[in-house]
Amino acid sequence: MTRKEESSTLAAASLVRTHRLFDAGLTADAPEEFSMTDAQEAPREARRGRDARRAARSARSALSIPYITRGIAPFEILSEEGLSIIEANAETLLQEVGIEFRDYPSALKRLKDAGCDIQGERVRFPKGLARKLISTVPETYTQHARNPERSVEIGGRNTVFAPVYGSPFVHDIDGGRRYGTIEDFRNFVKMAYVSPFMHHSGGTVCEPVDLPVNKRHLDMLMAHMTLSDKPFMGSVTHPDRARDTVAMAEILFGGLDGRTAVTSLINANSPLVWDNTMLGAAEVYASANQACIITPFILSGAMSPVTVAGTLTQVLAEVWAGTSFCQLVRPGAPVIFGTFVSTLSMQSGAPTFGTPEATMAIYGAAQLARRMKMPFRTGGSLTASKVADAQSAYESCNTLLPTLQAGTNFVLHAAGWLEGGLASSYEKFVMDCDQLGMMHVLAKGIDLTENGQAMDAFHQVGPGGHFLGCAHTQANFETAFYRSYVADNNSVEQWMAEGSQDALKRANGIWKKWLTDYSAPAIDPAVEEALAAYVAAKKASMPDASH
């Protein structure tokens, strides 16, 4: 077995073992190390009795896979000629039309000193300048987690899943649609921690509207830092809140020393505008060597042209401009080439998701990011549906699958997104995480090891036989196929005997079990005390405000 084949076997064993533990109802405390012993153990476990297997599973902590390293090549929709056309058009757009940097004079000064033409707040880039300025962005970077085994590598062949972001409402089938609270926020952080297929704790997993706007970021950060040990995102709604994020990360890590511990979402005000709020947060993070996801947020037809090529031109121009600013603040600061592109109904103006045009934009933007040698963010499990129904399933699938196939490195909104992002859904979070598990398997690609080729099975079974009882099947039956923890594949009689539950009701029971079984990861009491003291002092230093 070659080193590459051995690595593939170990990764597959890790994934399947994780899934078996999770399917058994265990929750995540800490990941374990894997060795060749683990890979050899699977066939032996297949020969044990059911009780022995359950006892062995119960004796282990549940596992979490830090991130995906893809074994499949990305799908490419654009030729070299097509990429060159879009890049040339983006250069022309920045030179002739320009982009506005609003209410942030220091950004205008930096850009002018770098060679841009400034007229008021309109910034025009001479051809070639933006491409030159972004050349210092690292192709990959490590976002450190407080548990080092959960740190993620962003870029290259890696994919990191993060949960829904920014929803003011939450939804479950018991309470329906309602404004999010800090209790809901903490619940979603816990669920993201419990799922072995969610690599990242995310950011504003729902908006806790029961807390003052100017203080809620402190409670959100405290939740991410203490209820999970996965990496997390920072606050971007005011530069001071970004500074609080960096300060609390310093406490959590005992000093950052140049390490990247936060990845944060910086959205353009499309079309062709960067505003002072986002620029202020980006400057704070870039100066501290913390990562920014520079993201045009586009609904094609309203915030960009209706065509995919025109939209990709705008995406590239806006990413170039925002990234240039970050690199002028600190050359080498990590930046992700982000895009959120969807379409809208030309009849009602409502956002639409899972459309073929959005899929083409995902593939094309991913190619542009690789062309720029930058990590890439897009997609997720997106839907306009108001409930977790068939529409939400196919729209989410039509977004998530191309997201993976495009070679996306950071996937925000990977689970829980509902109602065009207005609601974070408990049940959909569970169902989406199940799909993320499937993406883990698909991303590994085809196993071409000796075991994967299965030639011994052909020799044993021969013509007209069956494979159920052969040695190869017996050695692999537990690990052969992904086993959904949401889907029901039993007979209709058994399904009726168990209450005739649909997927929504099954997911409702699962998320409740996740929260019941949740156990917080250990944290140094002195660190937790210092974080709590920082939060208390900041809250005491200012009155409540709604902005």
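Ring-plane geometry between Y426 and W511 is classed as tilted, the angle between the planes lying from 30 to 60 degrees on a 0 to 90 degree scale.
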- Task: Check the pair R110, D113 against salt bridge (charged side-chain N to carboxylate O under 4.0 Å, His left out), reporting the backbone distance first and the verdict last.
- Result: CA-CA 5 Å; R110 289 182 190 273; D113 291 346; over 6 Å; no
- Query: Run the ring-ring contact (aromatic ring centres under 6.0 Å, His included) check on H199 and F410 step by step: do they pass?
  - Reply: CA-CA 10 Å; H199 314 121; F410 189 85; 9.9 Å; no
- Message: What verdict does the ring-ring contact (aromatic ring centres under 6.0 Å, His included) test give for H440 and F161, after you've listed the backbone C-alpha separation in whole Å, the side-chain angles of each residue and the deciding distance to 0.1 Å?
- Response: CA-CA 10 Å; H440 279 72; F161 290 138; 5.8 Å; yes
- Item | salt bridge (charged side-chain N to carboxylate O under 4.0 Å, His left out) evaluation trace for E80 with R371 | CA-CA 10 Å; E80 173 61 30; R371 189 178 180 88; 3.1 Å; yes
- Message: side chain to side chain contact (heavy atoms under 4.5 Å, CB included), that's the test. Do R186 and I182 meet it? Break it down for me.
- Response: CA-CA 6 Å; R186 291 168 180 152; I182 190 60; 3.6 Å; yes
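No hydrogens or angles considered: a donor-acceptor pair under 3.5 Å links the side chains of S396 and K428. Checking S270 against E318 by side-chain atom types alone, a donor-acceptor pair falls below 3.5 Å. In this structure, a donor-acceptor pair under 3.5 Å is present between the side chains of D434 and S484.
Contact check for Y363 versus L78: no side-chain heavy atoms found under the 4.5 Å cut-off. Counting heavy atoms from C-beta on, the side chains of F340 and L412 never come closer than 4.5 Å. Inter-residue side-chain proximity for V341 and T378 is flagged as unmet; no heavy-atom pair is nearer than 4.5 Å. Using a 4.5 Å heavy-atom cutoff, the side chains of C116 and L129 are in contact.
Looking only at distances, a side-chain donor or acceptor of N409 sits under 3.5 Å from a matching main-chain atom of N158. Judged by distance alone, with hydrogens and angles left aside, the side-chain atoms of R146 form no donor-acceptor pair with the main-chain N or O of L252 at under 3.5 Å. Listed for the E100 side chain is no donor-acceptor partner under 3.5 Å among the backbone atoms of R122.
Under 4.0 Å is where a charged nitrogen must lie from a carboxylate oxygen, and between E207 and R216 at least one such pair does.
Of all heavy-atom pairs between P402 and T359, the closest is CB-CG2, 3.7 Å. Pairing each heavy atom of A286 with each of C326, the nearest pair is CB-O, 3.9 Å.
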